[in-house]
Amino acid sequence: MLRFLVRRFALGVIVMWLITVAVFALFFIAPNDVARTLAGRQATPEVVALISHRLGLDQPIWKQYLDFVGNALHGDLGFDYYHGVPVTQIIGNALPITLSVVIPGAIIWLVLGVFNGVVSSVRPRTFVDRGMTVFALFFYSMPTFLLGLLFLYFLYFRLTLAGVAIFPAGGYVPPGDGLYDWFIHMVLPWFTLALVSAATYTRLTRASMLDVLGEDYVRTARSKGIGERRVVLRHALRAALTPVVTQFGIDVGAVLGGVVVTETVFSLPGLGKTAIDAINQQDLPVIIGIVLFASAAVVVANIVADIFYAVLDPRVRLH
């Protein structure tokens with residue numbers, strides 16, 4: 001198990017190194033003149049030279065890359081061009097908002113998707129199975145922004161007009177200002193994110209469960225007189241969850257970098273919306289910082305998923 005973890009960690013380090021190379025090449029080598037781009041067309045040569053010196057762009061490429069990686073490893077991602085604050089502070093302010101959306105939303109989509117998939121698989125080709133299939137296909141084909149706008153229209157706008165003001169229009173309230181206010185502001189974003197993703201997990205769990213339920217060891221367990229519920233939950237579900245765990249690690253890692261559409265629809269200043277604002281303003285340090293953080297989140301989430309995968313299926317430890 002230790003060798004398995006070391007191998008996965010080493011692979012993650014290699015991936016992160018390749019990402020830093022790609023990010024550095026994309027933002028510092030590919031442009032013809034980074035300093036001129038940052039200074040603007042009307043800047044004098046002296047201003048351009050000053051910016052180039054301050055950013056270390058007048059150094060050899062290898063020195064620039066080593067400084068870039070060294071600063072990142074020490075938590076120095078530079079300063080926001082427009083507000084003069086550290087990029088790490090901007091990410092630190094936006095990250096709790098993104099986590100408030102992602103973690104509960106991920107729990108909802110995992111529980112809902114796995115439950116629906118299990119129910120559908122134990123009753124194949126029945127009305128329940130077809131109903132779950134319709135549910136999965138409907139939400140899988142539903143754009144996230146459209147689902148969020150529908151929630152706002154029916155559960156905020158129409159209810160408010162009817163005198164039942166339950167859900168707010170959007171915005172973020174920190175948990176420290178009241179758990180109830182935080183909860184009521186986050187319900188719609190949670191289900192906007194979760195229902196679309198739960199559809200994928202419903203189909204994935206159903207397909208995996210149907211394969212496992214046809215295995216010899218499951219038939220043997222049934223022939224021994226073990227109850228159907230125990231067969232499904234104790235024997236079949238554990239083996240069927242391995243592809244689900246893999247997909248869950250990929251999805252959670254990806255959305256930790258910012259759920260752009262959901263945060264934009266509900267006016268949540270998380271990492272996704274911060275990244276969009278930085279792109280619109282061409283705020284290079286913020287863009288680079290969020291890209292590196294999002295990449296690290298994907299790598300870490302996949303390593304954690306591999307660990308759970310090994311716990312669920314010990315055979316993978318040998319590979």
Side-chain angles (χ1 to χ4, degrees), residues 101-144 146-148 150-151 154-155 167 183 186-255 259 262 301-302 304-316:
V101 179
V102 171
I103 294 178
I107 293 173
I108 293 173
W109 89 51
L110 180 64
V111 172
L112 186 61
V114 170
F115 175 80
N116 290 345
V118 171
V119 172
S120 182
S121 65
V122 297
R123 299 180 180 180
R125 295 178 294 280
T126 63
F127 176 78
V128 173
D129 182 27
R130 299 184 190 281
M132 296 298 182
T133 300
V134 171
F135 164 85
L137 292 177
F138 176 79
F139 284 106
Y140 184 76
S141 60
M142 176 73 71
T144 306
L146 179 58
L147 183 59
L150 288 175
F151 278 158
F154 288 106
L155 298 181
F167 300 103
F183 176 83
M186 301 306 299
V187 168
L188 296 185
W190 289 343
F191 279 93
T192 299
L193 177 65
L195 288 177
V196 175
S197 299
T200 301
Y201 287 78
T202 297
R203 304 304 299 165
L204 183 61
T205 304
R206 180 185 183 276
S208 183
M209 282 290 293
L210 288 176
D211 289 340
V212 173
L213 288 173
E215 295 287 343
D216 292 339
Y217 72 89
V218 174
R219 288 194 291 268
T220 300
R222 284 171 172 164
S223 67
K224 291 181 177 180
I226 299 176
E228 185 65 17
R229 176 177 296 183
R230 185 178 179 184
V231 170
V232 171
L233 298 181
R234 294 286 299 276
H235 296 272
L237 182 58
R238 178 172 178 174
L241 282 180
T242 49
V244 176
V245 168
T246 302
Q247 185 65 41
F248 187 69
I250 296 172
D251 289 343
V252 170
V255 296
V259 275
T262 303
N302 278 274
V304 174
D306 285 340
I307 294 173
F308 279 104
Y309 198 108
V311 171
L312 291 172
D313 188 355
R315 293 173 298 178
V316 303

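Remember, predicted model here, so these are calculated numbers, not experimental data.
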Just do the side chain to side chain contact (heavy atoms under 4.5 Å, CB included) check on M142 and L195 with the steps written out, would you? CA-CA 9 Å; M142 176 73 71; L195 288 177; over 6 Å; no
Report the C-alpha separation of V212 and Y217 in whole Å, then their side-chain angles, then the decisive distance to 0.1 Å, and conclude whether the side chain to side chain contact (heavy atoms under 4.5 Å, CB included) test is met. CA-CA 9 Å; V212 173; Y217 72 89; 3.2 Å; yes
Could you check R234 against I226 for side chain to side chain contact (heavy atoms under 4.5 Å, CB included), going step by step and ending with a plain yes or no? CA-CA 10 Å; R234 294 286 299 276; I226 299 176; over 6 Å; no
Hey, mind stepping through W190 and F183 against side chain to side chain contact (heavy atoms under 4.5 Å, CB included) and telling me if it holds? CA-CA 10 Å; W190 289 343; F183 176 83; 3.5 Å; yes
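Nearest heavy-atom pair across L188 and F151 is O-CD1, 4.0 Å. Here the closest non-hydrogen pair linking F139 and L147 is CE2-CD1, 4.1 Å. Of all heavy-atom pairs spanning G249 and A301, the tightest one is O-CB, 3.4 Å. Nearest heavy atom pair, residue V259 against residue V102, reads CG1-CG2, 4.4 Å. Nearest approach of L210 to P124, heavy atoms of both residues: CD2-CB, 4.3 Å. Residues S208 and A240 come closest through the heavy atom pair OG-O, 2.8 Å.
The side chain to side chain donor-acceptor pair (under 3.5 Å) test applied to R219 returns D216, not counting sequence neighbours. Applying the side chain to side chain contact (heavy atoms under 4.5 Å, CB included) criterion to R222, with sequence neighbours excluded, gives L213, V218, E228, V231. Annotation: salt bridge (Lys or Arg N to Asp or Glu O under 4.0 Å) contacts of R230 (sequence neighbours excluded): none. By the side chain to side chain donor-acceptor pair (under 3.5 Å) test, T220 is found to be paired with no residue, residues two or more places apart in sequence or in another chain being considered. Residues passing the side chain to side chain donor-acceptor pair (under 3.5 Å) test with N302: none are found, sequence neighbours excluded.
One finds the CG atom of L237 at 4.0 Å from the CG atom of L241 (value rounded to the nearest 0.5 Å). Here the straight-line distance linking atom NE2 of H235 with atom CD of E215 works out to 14.0 Å at 0.5 Å rounding. Remark: F167 CZ to M186 CE distance equals 13.0 Å, nearest 0.5 Å.
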When the side chains of residues 104-121 are checked against the rest of the protein, which donor-acceptor pairs come out under 3.5 Å, sequence neighbours left out?
from, atom 1, to, atom 2, distance (Å)
N116, ND2, L112, O, 3.3
S120, OG, D129, OD1, 2.2
S120, OG, R206, NE, 3.1
S121, OG, G117, O, 3.3
S121, OG, V118, O, 2.8

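Listed for the T205 side chain is no donor-acceptor partner under 3.5 Å among the backbone atoms of T202. Checked by atom type and distance alone, the side chain of T242 pairs as donor or acceptor with a backbone atom of A239 at under 3.5 Å.
The number of heavy atoms from other shown groups lying within 6.0 Å of CZ (F135) is above 12.
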